[in-house]
Structures are given as structure tokens and as C-alpha cells.
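Working notes for the structure below.
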Amino acid sequence: MKLIELENVSKSFGRYKALDNINLSLDNGEVLGFIGPNGSGKTTTLRIILGMLKSKGSARVFGMDAWKDAVSIHRNLSYVPGDVNLWPNMTGGEVIDLFLRIKDSREKKYRDDLMEEFELDPRKKCRTYSKGNRQKVALIAALCSDVDLYIFDEPTSGLDPLMESIFQKQVKKLKNQGKSILLSSHILTEVESLCDSISIIKYGKIIESGKLNDIKHLNTSNFIIETQKPVIKLLTPVKNISIIGNRLELSVDKENIGLLINELNSYNIKSIESKSQTLEELFMSHYR
Ligand SMILES: Nc1ncnc2c1ncn2[C@@H]1O[C@H](COP(=O)(O)OP(=O)(O)OP(=O)(O)O)[C@@H](O)[C@H]1O
Ligand SMILES: [Mg+2]
């Protein structure tokens, strides 16, 4: 069963179409990275999944209707929003415990270990926490709950690099426990290291989705090639080419690799090194 399944979901705010017929699905045990520039519709999509916004089309979570069955769905789901707002007069520890009473949660030791790892002082009032510390409170509460589905909306935007790596470690742990995760993020290296699949959204439309490995290798390959004779000009269509002496770096569409090698043969190839495309390169190529 799909844990999340959006089919032809659209959402307008007045005359502004924030989401235009999007499809998104999350399999059991999968980590899905949801990426796109500011204002592309990520948070709106997550809020539909969470039953906080009504939409056109079909939005199902655990096979149930995201809007009508939100109460049942939420019993088995944890969510961390991008901007965490907490009750100002409660301490971080009290907020975490409150969340843990609402959901099925792990033992107290799990919570204490997380607080130690994230270096959170649970005795402070929430109004005195910095942005990063508010985010930690929400993350710890979510990570302590023992549910099937975790939804994170830019969870590391306020965290320093050390805390970011602790978050990543925790996500990997959830994944090893067979949990399913939907992670919206601007940090592409984070998505690359954590996610099995990705969906890229642009102006409210999904423009790319699938298994991360398939997608990255789908379009282009990058090569560093050394030849014996200097290359002056190539006839094969290539991109991002730089030639320094007998060394060239370039990207080429998969279908043109054969052509390129044939052409370079006349320059006597000394070595070929291939680099796979990074998610960042893929992302940038969509947004340029
Ligand atoms: N309640 C609302 N009323 C009117 N417009 C809205 C509302 N919520 C979102 N929008 C608009 O919908 C679009 C998508 O917003 P959304 O918050 O989903 O983007 P996002 O991808 O999460 O961006 P970011 O990366 O900055 O968090 C934006 O243009 C935003 O202004
Ligand atoms: Mg957002």
C-alpha cells in the first residue's frame, strides 16, 4: 500500500494557482525528498497531506482521505513544520512530554538520549529558545514518537552543521526501522544522502520524480578526458565544456556518448574519467 498518494491535486488561493495537478506517492519504508525553490508549493502540498488544507483531486494517507480522516491519520504520523512555534510559557521538556502523551511513543530513555545528542536544555521556557533550539524541541518530539510516517518540512533550516548531521543520523535510524519519511529540504546534499526517491516541484507542478539513482543518470554524464593531441573543436553536442591543453571536462547527453567517443578517438584518448551528476547539478539545470 502507498502511505501517501496524491492524484491530480490542485490548490488555488483566490485566483493564484499554488498547485496544478500534482501527483506524489510514498511507498512503505521509503524516504522521499521533496525539493523546489521558494514559493513552489512544498509547504502547501505538505499541508494538504496533513489535512490542514482542502484541495481538489485525491489526497490519501494510509489509504484514508487526508481531509476527512485527518484525526485517524494523525495518530500514526509525526510532523515537524518549517517554522516551529511553541507555547511560550512551557519549557522545552514539557512540550516534548506533552507530544509524547498524545502519540504512541518510545521509552523515556530514547527521549533523554535525543536531548543529550541534540544538546537541548529542556528546562528553559520556550519563549527564550533560539530558532534552532525551537526546531530541536519539535524534532525530538517527532523522533520520539513511534509512528509509521514522518513528515519534515525543511527540518534543518535553523540547525548548525553539527546538529544537521545528528538529524541525518536520526533519519537513517528511522529508515532502518522501516519507517517512511517525507522530507522537504533545500539542502541538496542532505536529500542526496538520505532519500531513495525525489520529487522536484516548480511553480506548483511536479517536473521530475522517481528513484534518485535513475533520475541522476537519466540525462547527462560528466567526463574528464585526456587526449594525446589537443582538441580544438568538437562536433558532438556537449555541454559545460572546458578545454585546458589536452584535458577536457564536459557533460554529454546519454544518447551522444558513442558519438563523442568516436570523435575523440582521432585525438588519441589517454584516459577517461566519468563523474555522476550531483543532485545539485540536476536541480540547477532545471532552474536555469
Ligand atoms: N494561505 C495562503 N494564502 C495565499 N497564498 C498562499 C497561502 N499559502 C501559500 N500561498 C502561496 O502559494 C505559493 C506556494 O507556497 P508554499 O509555502 O507552498 O511554498 P514553499 O515551496 O513551501 O516555499 P518555501 O521554500 O519558501 O518554504 C506561494 O506563492 C505562496 O505565496
Ligand atoms: Mg515551505
Side-chain angles (χ1 to χ4, degrees), residues 4-26 31-61 66-67 70 73-74 77-86 130-132 134-139 141-142 149-161 163-164 167-168 171 181-195 197-210 212 215 278-288:
I4 298 176
E5 191 152 45
L6 302 187
E7 285 174 323
N8 303 319
V9 166
S10 295
K11 177 73 196 173
S12 295
F13 295 108
R15 284 157 94 194
Y16 179 74
K17 200 156 195 185
L19 295 179
D20 187 4
N21 259 316
I22 70 161
N23 293 299
L24 189 90
S25 78
L26 177 75
V31 183
L32 173 66
F34 192 31
I35 57 187
N38 295 129
S40 54
K42 299 179 298 294
T43 300
T44 305
T45 306
L46 299 187
R47 298 184 73 190
I48 288 167
I49 293 168
L50 292 161
M52 292 153 75
L53 278 177
K54 214 171 169 176
S55 65
K56 273 199 212 136
S58 158
R60 308 192 72 78
V61 182
W67 175 258
I73 290 170
H74 275 255
L77 163 166
S78 265
Y79 164 61
V80 178
D83 318 301
V84 176
N85 288 306
L86 304 167
S130 64
K131 175 178 159 62
R134 287 199 301 275
Q135 211 154 9
K136 288 182 197 174
V137 171
L139 282 173
L149 174 62
Y150 296 80
I151 297 179
F152 299 110
D153 192 357
E154 289 177 44
T156 53
S157 59
L159 300 186
D160 65 46
M163 292 304 144
E164 192 188 314
F167 170 76
Q168 291 184 17
V171 170
I181 298 153
L182 174 54
L183 170 71
S184 114
S185 179
H186 279 136
I187 303 173
L188 297 175
T189 48
E190 175 174 282
V191 173
E192 201 158 17
S193 75
L194 295 176
C195 299
S197 302
I198 56 163
S199 282
I200 304 183
I201 186 169
K202 183 179 183 180
Y203 300 132
K205 287 195 168 95
I206 303 283
I207 53 164
E208 181 110 50
S209 67
L212 189 53
I215 288 177
T278 64
L279 186 56
E280 180 139 354
E281 286 163 336
L282 174 78
F283 190 83
M284 291 304 180
S285 73
H286 272 304
Y287 288 99
R288 279 235 174 81

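Remember, it's 1-based here, ligands and their atoms both numbered in the order they're listed. When reading the values below, keep in mind they use all heavy atoms of this one structure, side chains included, and skip hydrogens, waters and symmetry mates.
Each of the atoms 9 (C), 14 (C), 15 (O), 16 (P), 18 (O) of ligand 1 lies under 4.0 Å from some heavy atom of T44. Close contacts between ligand 1 and H186 involve ligand atoms 25 (O) [criterion: under 4.0 Å to a heavy atom]. Close approach of ligand 1 to A18 (heavy-atom distance below 4.0 Å) involves ligand atoms 12 (O).
At least one donor-acceptor pair under 3.5 Å links the side chain of N23 to the backbone N or O of N8. Proximity of a side-chain donor or acceptor of K42 to a complementary backbone N or O of I35 within less than 3.5 Å is not detected.
Ligand 1 is approached by S40 to a heavy-atom distance shorter than 4.0 Å. Residue contacts with ligand 1: R47 is excluded, as none of its non-hydrogen atoms falls under 4.0 Å. Not close to ligand 1: G36, with no non-hydrogen atom less than 4.0 angstrom away. Between S184 and ligand 1 there is no heavy-atom distance shorter than 4.0 Å.
Here the SG atom belonging to C195 is positioned 7.0 Å from the CG atom belonging to L32, to the nearest 0.5 angstrom. For the atom pair T43 OG1 and D83 CG, the distance stands at 8.0 Å (nearest 0.5 Å).
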Apply the test side chain to side chain donor-acceptor pair (under 3.5 Å) to residues E190 and S185: give CA-CA distance (whole Å), side-chain angles for both, the deciding distance (0.1 Å), then the verdict.
CA-CA 8 Å; E190 175 174 282; S185 179; 3.1 Å; yes
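When hydrogens are left out, the protein atom nearest atom 27 (O) of ligand 1 is E154 OE2, 3.6 Å; that is the closest non-hydrogen contact. The nearest protein atom to atom 25 (O) of ligand 1, hydrogens excluded, is given as K42 NZ, 2.7 Å; this is a heavy-atom distance. Of all protein heavy atoms, the one lying nearest to atom 17 (O) of ligand 1 is T43 CB, 3.7 Å. Among all protein heavy atoms, the one lying closest to atom 6 (C) of ligand 1 is F13 CD1, 3.3 Å. From the protein, the heavy atom lying nearest to atom 29 (O) of ligand 1 is Y16 OH, 3.2 Å. Residue, atom and distance of the protein heavy atom nearest to atom 23 (O) of ligand 1 are G39 N, 2.8 Å. Here the protein heavy atom with the shortest distance to atom 26 (O) of ligand 1 is N38 ND2, 3.0 Å.
Checked against the 6.0 Å centroid criterion, the rings of F152 and F167 qualify as a close aromatic pair.
For atom 15 (O) of ligand 1, the nearest protein heavy atom is under 4.0 Å away.
When the options N21, L19, T45 are evaluated for a side-chain contact (heavy atoms from CB on, under 4.5 Å) with L6, the one that passes is T45.
Looking at V61 and L50, their side chains never come closer than 4.5 Å, going by heavy atoms from C-beta outward. Side-chain contact between S184 and L46 is present, with at least one heavy-atom pair separated by less than 4.5 Å.
No more than 12 heavy atoms of other residues, nucleotides or ligands lie within 6.0 Å of NZ in K56, so this atom counts as exposed by the packing criterion.
The nearest N, O or S atom of N38 is not closer to the Mg ion (ligand 2) than 2.8 Å.
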